[in-house]
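Quick notes on the structure that follows.
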Amino acid sequence: MKLKLIALRTLVVTIVVATFCACGTVYKVPVTGRKQRLVVNDSEVLSLSFQQYNQYMQTAKLSTNATQTEMVKRVGQRIANAVTNYLSTNGYTSELANYQWEFNLVADGQANAWCLPGGKIVVYEGILPLTQTEAGLAVVMGHEVAHAVAKHSAEQMSSKYKAQYGGQILSSVLSSAGASSAAVTGASTLYSIGSSLTQLHYSRSNESEADHMGLVFTAMAGYNPNEAISFWQRMSERGSTSTPEFLSTHPSDEKRVKEIEKHLPDAMKYYNAAIGAATTTTSSSTSKKTKTTNSQTTKTTKSTKSGTGGYTIGGK
């Protein structure tokens with residue numbers, strides 16, 4: 001009977017996996033290129049996202065600090081512009097319709113920030129003492145935006161849906177096969193635990209992926225990605241959880257910093273390109289102003305010599 005149950009469970013899991021692999025859509029995550037299969041569509045995720053966001057904002061207390069609020073909006077918009085430019089130039093133009101960017105600073109002492117699918121970003125005042133600088137804030141916001149761009153919420157929803165559906169099928173088939181209720185409960189519990197651990201692994205992977213993508217978005221927006229090291233070190237000094245990493249939804253601070261250091265060289269290429277472009281734009285603007293000034297000076301001189309025109313010197 002035991003071997004029969006094991007063989008049956010293996011068959012059911014195989015059928016479930018094959019069923020879900022045959023449906024859904026494949027999404028290639030920007031920057032990392034990782035492929036994910038989603039069984040929930042954008043409209044479903046965005047509908048839930050906007051609903052939850054609106055409910056939250058109805059009770060949230062917005063910050064009264066005008067300077068910090070403006071900084072959050074400024075940083076957020078620069079990152080949003082960088083993301084929009086990246087998506088539009090790398091074959092993701094159709095994704096742009098999914099974003100309705102909004103940036104808010106709320107009066108909450110928690111050291112937290114989040115971005116819901118669709119670009120709804122909320123930063124808590126409590127995290128600003130840890131970000132310290134505008135670049136530090138960009139690291140946090142870039143990371144949160146990365147979760148939305150990578151569709152991690154849709155991926156988690158798909159994972160949970162698969163696990164729940166798979167567990168239901170397993171229980172149903174085992175019951176039909178004449179297994180005892182204890183065997184059915186035990187098998188379903190094991191399946192549930194395995195699915196939960198898998199989801200935790202996905203969560204840690206999602207966090208690491210958001211760190212990588214966030215570095216790139218931060219750099220594209222013209223903020224030095226090296227600030228990420230200092231920020232996470234400050235977060236680490238703030239205190240750590242006693243939960244073992246393999247049961248945590250976030251990677252350990254030490255591992256996180258090491259992974260960030262590994263991706264910094266790539267991020268710095270984007271940063272240097274952004275700084276170079278900004279410098280070129282500034283130089284071009286300065287050059288145009290200089291030419292305009294020189295032109296006006298020339299016209300003034302000619303006008304003065306000829307005694308005609310709109311420019312005069314000496315009050316004449």
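Keep in mind that this is a model prediction, so the values were computed, not measured.
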Item to complete: Please step through side chain to side chain contact (heavy atoms under 4.5 Å, CB included) for the pair Leu96 and Ser88, ending with a clear verdict.
Response: CA-CA 8 Å; Leu96 298 178; Ser88 61; 4.1 Å; yes

Practice prompt. Could you check Ile229 against Glu261 for side chain to side chain contact (heavy atoms under 4.5 Å, CB included), going step by step and ending with a plain yes or no?
Written response: CA-CA 8 Å; Ile229 300 296; Glu261 289 176 338; 3.4 Å; yes

Fill in: Gln100 and Leu46: CA distance, side-chain angles, deciding distance, side chain to side chain contact (heavy atoms under 4.5 Å, CB included) verdict
CA-CA 10 Å; Gln100 298 177 22; Leu46 291 175; over 6 Å; no

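Glu227 and Asn224 form no side-chain donor-acceptor contact under 3.5 Å, judged by distance and modelled atom types alone. Side-chain polar atoms of Asn54 and Gln58 form no donor-acceptor pair below 3.5 angstrom. A donor and an acceptor atom, one from each side chain of Ser43 and Asn41, are located under 3.5 Å apart. At a cut-off of 3.5 Å, with distance as the only test, no side-chain donor of Tyr27 or Asp42 sits close to an acceptor on the other residue.
Taking CZ of Arg34 as the reference point, atom OG of Ser205 lies at 7.0 Å (rounded to 0.5 Å). Distance check, rounded to the nearest 0.5 Å: CD of Glu134 to CZ of Arg74 gives 4.0 Å. Taking CD from Gln132 and CZ from Arg234, the interatomic distance works out to 4.0 Å, rounded to the nearest 0.5 Å. For the atom pair CD of Glu207 and CZ of Arg204, the computed distance is 11.0 Å after rounding to the nearest 0.5 Å. Taken from OG1 in Thr218 to CD1 in Ile79, the straight-line distance is 5.0 Å, to the nearest 0.5 Å. With rounding to the nearest 0.5 angstrom, the CG atom of Leu215 is 11.5 Å from the CE atom of Met213.
Across every non-hydrogen atom of Leu87 and Pro30, the tightest pair is CD2-CG, 4.0 Å. The two residues Asn104 and Leu62 have their closest heavy-atom pair at OD1-CD2, 3.8 Å. The minimum heavy-atom distance between Ala274 and Ala219, with the atom names listed, is CB-O, 3.6 Å. Contact record, Ala150 with Glu209: CB-OE1, 4.1 Å, taken as the closest heavy-atom pair. Considering every non-hydrogen atom in both Phe103 and Ala80, the closest pair reads CZ-CB, 3.9 Å. Closest of all the heavy-atom pairs between Phe231 and Ile127 is CZ-CD1, 4.2 Å.
In this structure, the side chains of Val123 and Glu144 stay at 4.5 Å or more apart for every pair of heavy atoms.
Hydrophobic cluster membership of Met268, counting Ile, Leu, Val, Met, Phe, Trp and Tyr whose side-chain heavy atoms lie under 4.5 Å apart directly or via other members: Tyr271, Ile275.
Residues forming a ring pair (Phe, Tyr, Trp, His ring centres under 6.0 Å) with His147 (at least two apart in sequence, or on another chain): His143, His152. Looking at residues two or more places apart in sequence or on another chain, you find a side chain to side chain contact (heavy atoms under 4.5 Å, CB included) between Ala107 and Lys61, Glu125.
Residue Val122 is not grouped with residue Leu128 when hydrophobic side chains (ILVMFWY) are merged at heavy-atom distances under 4.5 angstrom, including chains of intermediate members. Cluster annotation: Val106 and Val145 are assigned to distinct hydrophobic clusters (Ile/Leu/Val/Met/Phe/Trp/Tyr, side-chain heavy-atom contacts under 4.5 Å, transitive). Under the 4.5 Å side-chain heavy-atom criterion for grouping Ile, Leu, Val, Met, Phe, Trp and Tyr, Phe217 is connected to Trp101 within one hydrophobic cluster. Criterion: ILVMFWY side-chain heavy atoms under 4.5 Å apart, direct or through other members. Under it, Val149 and Ile260 are part of a common hydrophobic cluster. Residue Leu264 is grouped with residue Val140 when hydrophobic side chains (ILVMFWY) are merged at heavy-atom distances under 4.5 angstrom, including chains of intermediate members.
The pair Arg256-Glu259 does not count as a salt bridge, with every side-chain nitrogen at least 4.0 angstrom from each carboxylate oxygen.
No donor-acceptor pair closer than 3.5 Å links the side chain of Ser49 to the backbone N or O of Val45. In terms of modelled atom types and a separation under 3.5 Å, the side chain of Arg78 and the main chain of Ala221 share a donor-acceptor contact. Counting only distance, with no hydrogens or angles, the side chain of Ser236 and the backbone of Trp232 share no donor-acceptor pair below 3.5 Å.
Ring orientation note: the planes of His263 and His212 are close to parallel, at an angle under 30° on the 30°/60° scale. Ring planes of Tyr92 and Tyr86: parallel class, angle under 30° (limits at 30 and 60°). Taking the six-membered ring for Trp and thresholds of 30 and 60 degrees, Tyr56 and Tyr124 have nearly parallel ring planes, at less than 30 degrees apart.
Other residues, nucleotides and ligands contribute only 12 or fewer heavy atoms inside 6.0 Å of the CD atom of Glu254.
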